[in-house]
J.: 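This is the structure I want to talk about, given as structure tokens.
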Amino acid sequence: MVTDLSVDFCGLTFKNPITTASGTFGSGMEYKEFFDLSLLGAVTTKGVSIDPWEGNEVPRVAETPSGMLNAIGLQNPGVKVFQERDLPFLEGFDTRIIVNVCGHSIEEYCRAAQALSETAVDILEINISCPNVAEGGLSFGTDPAQVLRITRAVKDVSKKPVFMKLSPNVTSIAEIAKAAEAGGADGLSLINTLTGMKIDVRKRSFFLANRTGGLSGPAIHPVAVRMVYEAARAVSLPIIGMGGVRTAEDALELILAGASMVAVGTANFHDPLAAPRIVKGLAEFMEEEGIASVKSLIGAVE
Amino acid sequence: MSTPVEEVGVILSQKEIANGIFDLTVQAPEIAKRSLPGQFVSVFCRDLSRLLPRPISIADVGAEGTIRFLYRVAGAGTYEFSTLIRGDALRMTGPLGNGFPEISGNAVLFGGGIGIFPLLYLVKKRHNPKDIVFLGYRNKELFAMEEFARCAEVRVATEDGSFGVRGTVLDAAGDLKEDFSAVFSCGPLPMLKAVFAWAGERGVQAYLSLEERMACGVGACLGCAVSGKKKRLRVCKEGPVFSAGELPW
């Protein structure tokens, strides 16, 4: 049987429903040494801002049970370098390009989105959920009125489909998802990391220089499944689901919960070949189960 | 630099050479043939609750496609490694990082604590009897010292004064009279900063191997990006070996 892994949304076809989670994969240059990026449905880049960002001090990462905390602080070289160095690299592969966009203010988000609209990127993923920066990021992502406002502003200046990347650090993900939809979003990405903290008991100090960090990895996967399910029920937008995906089965859970595409994040650190292995695992699963198209599984949980 | 590969190695031998310090040899020909002194390998735990690789420096490479790791048990991950025996599998990616540059002429090397291990492969490869290696230990558990002594001149400092000079490797170096063309060092940060200053006063280029908390190990996540003189530097990618001029000390 020939299994069809392709998915469609926003008028775009993706050869399979697997992408990378922003911030775990750079722009793919480091992972190109391990596998052909054309094996992926899309590459999602690390957050890019209009101007370069320095990021936080080290230590920036800490391992936790079945997960990790990070507080990188969105270090990035800015749109100009991204456009000159990273985009031409990614255009060399037969895969879609999703660029994650960050900013300190609505104006900065808009300038970056506007500049990136003029490039070969396929989707803009607007990061309103980073827990590791003082301004912007999470402060935009936890209040429905703010989510609506920033979504509308970015949509107004963007010529590419706009996906709002949502935070799990909220009381009602459905309410936030509805606000993004009301603002005109073309899709949603969720979940970003859960805010956490680790303390070094011998030094009696914070493990991370930033004190708090974002929790990712298999530890948060059930939270992601629940939130993707709730968001999918609340809106009629395509969803890129993410959070602790390590195996094809984990990806299938998010697809059944309502995701049209699934991003592999922290698992890349555990296995640089995790993403293509999940693509292969999906194909094997469908063959075993006699499923002709992965599209039939999207939101199919009963 | 050659590109890193993923490889499942097979343990050939492991023994505890000092309290909590292990000497592990693993058959991993693909990584071994690409490895340079100063590079490291990402070693993965079997326990899936510990996701992140442990970056371990390459202490030596054997002609038969073997890699040797000398490491200290510092937590649950390295404890797991210490329980592995001959025939066990070990998943790794590597080699990673830049390694020490090849410099002709005599060199002075400073290693402190477990920081001496990446210097072992370097000293073996250089095999210059006129190189002077300063090794700093806590006490007279002088792990790997004899191996260094087979390839270069070794001088020892111990914190408790039980062997060699009491104090640090810099105390042992004092006002070194010999001529040398480069300094290589790995060890705790205060020691590296002292070596940085020591080499600077003598106008000699220093190459310092840094340690930092890492996640991906390949340069993608920016978890280990420290402040450099001009820009942030990824210890796993632009490093772990930096020339003194790159560092803002």
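Naming convention: chains lettered A, B, ... in sequence-line order (proteins, then strands); numbering from 1 in each chain. The basis for the numbers below is simple: all heavy atoms, side chains too, and nothing from hydrogens, waters or symmetry mates.
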J.: So which of A/Pro218, A/Gly217, A/Pro52 has the biggest tally of heavy-atom pairs under 4.5 Å with chain B?
T.: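 That would be A/Pro218.
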
J.: Which bit of B/Ala225 is near chain A, if near means a heavy-atom gap under 4.5 Å: side chain, backbone, both or neither?
T.: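 Interface part for B/Ala225: both.
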
J.: Cut-off 3.5 Å, side chains only: do A/Gln83 and A/Thr119 have a donor facing an acceptor?
T.: no

J.: For the interface with chain A, which of B/Pro53, B/Pro4, B/Gly217 has the highest count of heavy-atom pairs at distances below 4.5 Å?
T.: B/Pro4

J.: At a cut-off of 3.5 Å, what donor and acceptor atoms pair up between chain A and chain B?
T.:
from, atom 1, to, atom 2, distance (Å)
A/Glu30, OE2, B/Arg234, NH1, 3.0
A/Glu54, O, B/Arg232, NE, 2.8
A/Glu54, OE1, B/Arg232, NE, 3.4
A/Asn56, O, B/Arg232, NH2, 3.4
A/Glu57, OE2, B/Arg232, NH2, 2.8
A/Arg60, NH1, B/Leu222, O, 2.7
A/Glu63, OE1, B/Arg54, NH1, 3.2
A/Glu63, OE1, B/Arg54, NH2, 2.6
A/Glu63, OE2, B/Leu51, N, 3.1
A/Glu63, OE2, B/Leu52, N, 2.9
A/Glu63, OE2, B/Arg54, NH1, 2.9
A/Ser66, N, B/Ser49, O, 2.8
A/His270, O, B/Arg91, NH1, 3.1
A/His270, O, B/Arg91, NH2, 2.8
A/His270, ND1, B/Leu51, O, 3.0
A/His270, NE2, B/Arg91, NH2, 3.4
A/Arg277, NH1, B/Glu6, OE2, 3.3
A/Arg277, NH2, B/Glu6, OE1, 2.9

J.: Could you pull out all residues at least two apart from B/Phe117 that satisfy ring pair (Phe, Tyr, Trp, His ring centres under 6.0 Å)?
T.: B/Phe143

J.: What part of A/Phe35 is in contact with chain B, defined as an atom under 4.5 angstrom from a non-hydrogen atom: side chain, backbone, both or neither?
T.: neither

J.: Would you indicate whether the side-chain heavy atoms of A/Leu215 and A/Thr195 approach each other to under 4.5 Å?
T.: no

J.: Measure distances from A/Phe25 to the heavy atoms of chain B and classify the residue's part below 4.5 Å as side chain, backbone, both or neither.
T.: backbone

J.: If you measure from OG1 on A/Thr95 to CG on A/Leu90, what distance do you get to the nearest 0.5 Å?
T.: 8.5 Å

J.: Looking only at heavy atoms, which two atoms of B/Pro95 and B/Ile58 are closest? And how far apart?
T.: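 Closest approach of B/Pro95 to B/Ile58, heavy atoms only: CB-CD1, 4.2 Å.
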
J.: In Å, rounded to the nearest 0.5 Å, how long is the span from CG of B/Leu233 to CG of B/Leu247?
T.: 7.0 Å

J.: How long is the span from the OG atom in A/Ser189 to the CD1 atom in A/Ile98, to the nearest 0.5 Å?
T.: 7.0 Å

J.: If I measure from the heavy atoms of chain B, does A/Pro272 come under 4.5 Å with its side chain, its backbone, both, or neither?
T.: side chain

J.: So do the side chains of A/Val99 and A/Ile123 get within less than 4.5 Å of each other, counting heavy atoms only?
T.: no

J.: Find the distance between CZ (A/Phe89) and CZ (A/Phe82) and round it off to the nearest 0.5 Å.
T.: 11.0 Å

